[in-house]
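To start, the structure itself, in structure tokens.
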There are 2 protein chains.
Amino acid sequence: MARPRKPLLSTDRIVTAASALVDAEGLAAVSTRRLAAELGVSGPSLYNHFRTKDEILEAVADATSAQVDLSMFDPDDDRDWRTSLHDWALAYRAVLTRHPHIVPVLAQGPGRRPAGLRLADAVFGAMVAAGWPPAQATRIGALMRYFIMGSALGSFARGFVDDEAAYDPADYPHLGQAHLLAERQEEIDEGAFETGLRALLDGLSIQYATLGD
Amino acid sequence: MARPRKPLLSTDRIVTAASALVDAEGLAAVSTRRLAAELGVSGPSLYNHFRTKDEILEAVADATSAQVDLSMFDPDDDRDWRTSLHDWALAYRAVLTRHPHIVPVLAQGPGRRPAGLRLADAVFGAMVAAGWPPAQATRIGALMRYFIMGSALGSFARGFVDDEAAYDPADYPHLGQAHLLAERQEEIDEGAFETGLRALLDGLSIQYATLGD
DNA sequence: ACCTGAACACCGTTCAAGT
DNA sequence: ACCTGAACACCGTTCAAGT
């Protein structure tokens, strides 16, 4: 075949196919040969469009970041900092819940990824505009990322096996119900996220109230 | 050589070597061949002691969990729930900071790992003993894990590249100082963790105060 | 410029063979 | 029981060759 008159691949097509593969089968399923097969080309062809497989995954991660709504941080949006942060956290979590397998890549931080940087820029800018000192605004950006990424990296409920025999009462006297967690996964992880988010925002509000002192 | 009169390997020796390799060079450096070479044997020898490479990494993860002090949750320890949770969070983070590369494995939850289950049991048991309803105690265990794992999974500060040119003010108007984050990594991540932890505990204290209502 | 097959240096795991 | 080398079906990446 050699070179076709019209290119078979494009960075967009590759990222779309890689995203679908990551969502469907996880990071481990993405090999250059498998991804190329999915696109109807041979493995090495990908290297005409990306320098490494890692760059492809970075692009998938950035495409995911780009789906997170940031309009709550617009200067002319009239939500206060607390409400903005709350709405953004829910929007961010919703995107990550739809694409859990890419979270380990996203959790490494924005690096040079444009959508990741836009997100960090929006949060930091909005906190400073709301009156938080820059050092505190940085901390807020960091601690929100800890909490959101941590909640998306692995389900708490699914972290416990669905097998009553795994929880010997002699060893784990308080885990008698732990085998039931998995089947109520969504409810438990969502409830914990909401409880944690409220606690975080309540706590930050206390600190905000003492800013002038 | 074939079988020596005294076994060359043991599960302990393998886990110790694997932990050292993970700490020194990261998860990606752990291949069965490399690990075996480190132990002076050939690759397939490991399969006499573990069924898969994954089981080896699970054992490394559990050995890490086992390092986390849980004495603050002892029934006869006189710390209140808030202080216990605070002290435990610091102890947990300290361990993870020393072994960051294994965090992705730990973040998948305890599964069947004994030290992971003991940890979950201790937190849950102490919260119930302190008067939290079981459903709330579960949420606390989950949200604390989100926050602690998220903070350990990737440094916030090192998530930003150390290159002023990466932050075009036209694109990211508020990130003019972001290139300085990396060089103050420890201070920033620790400060964010402490701020977030205090906010979380302050927020939970508010909810605790309304429990009777 | 953009695709191909062949090749290199790796993987995890299985298995028969050795003691 | 516990080690070995050979083998299988994979990897990511490079490169010369094709149009």
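Protein chains get the first letters and strands the later ones, always in sequence-line order, with residue 1 at the start of each. Quantities reported herein were computed from a predicted structural model and do not represent experimental measurements.
- Residue contacts for R33(A): at a heavy-atom cut-off of 4.0 Å it reaches a base atom on one of the strands shown.
- Distances from the side chain of K53(A) to the nucleotides dC2(C), dG12(D), dC2(D) place dG12(D) closest.
- Using a cutoff of 4.0 Å between basic side-chain nitrogens and carboxylate oxygens, E194(A) and R198(A) are not scored as salt-bridged.
- Closest to the T32(B) side chain, of the nucleotides dT13(D), dG12(C), dC3(D), is dG12(C).
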| Given D121(B) and Y167(A), is the side chain to side chain donor-acceptor pair (under 3.5 Å) satisfied, shown in steps? | CA-CA 10 Å; D121(B) 185 66; Y167(A) 307 97; over 6 Å; no

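- For the pair E55(A) CD and dG12(D) C1', the computed distance is 14 Å after rounding to whole Å.
- When the P atom of dT19(D) is taken as reference, atom CG of L8(A) falls 16 Å away, rounded to whole Å.
- In this structure, S42(B) reaches the dT4(D) phosphate: one of its side-chain N or O atoms is under 4.0 Å from OP1 or OP2.
- For the pair H49(B) and dA1(D), the criterion of a side-chain N or O lying under 4.0 Å from OP1 or OP2 is not met.
- Side-chain atoms of P44(A) lie closest to dA6(C) of the nucleotides dG12(C), dC3(D), dA6(C).
- Partner assigned to dA6(C) is dT14(D), using Watson-Crick or G-U wobble distances below 3.5 angstrom.
- Here the P atom of nucleotide dG18(D) and the CG atom of N48(A) are 17 Å apart, to the nearest Å.
- Residue S45(A) has no polar side-chain atom (N or O) positioned under 4.0 Å from OP1 or OP2 of dC2(C).
- In this model, the phosphate group of dC10(C) is not approached by any side-chain N or O of S31(B) to a distance below 4.0 Å at OP1 or OP2.
- Checking D12(B) against S10(B) by side-chain atom types alone, no donor-acceptor pair falls below 3.5 Å.
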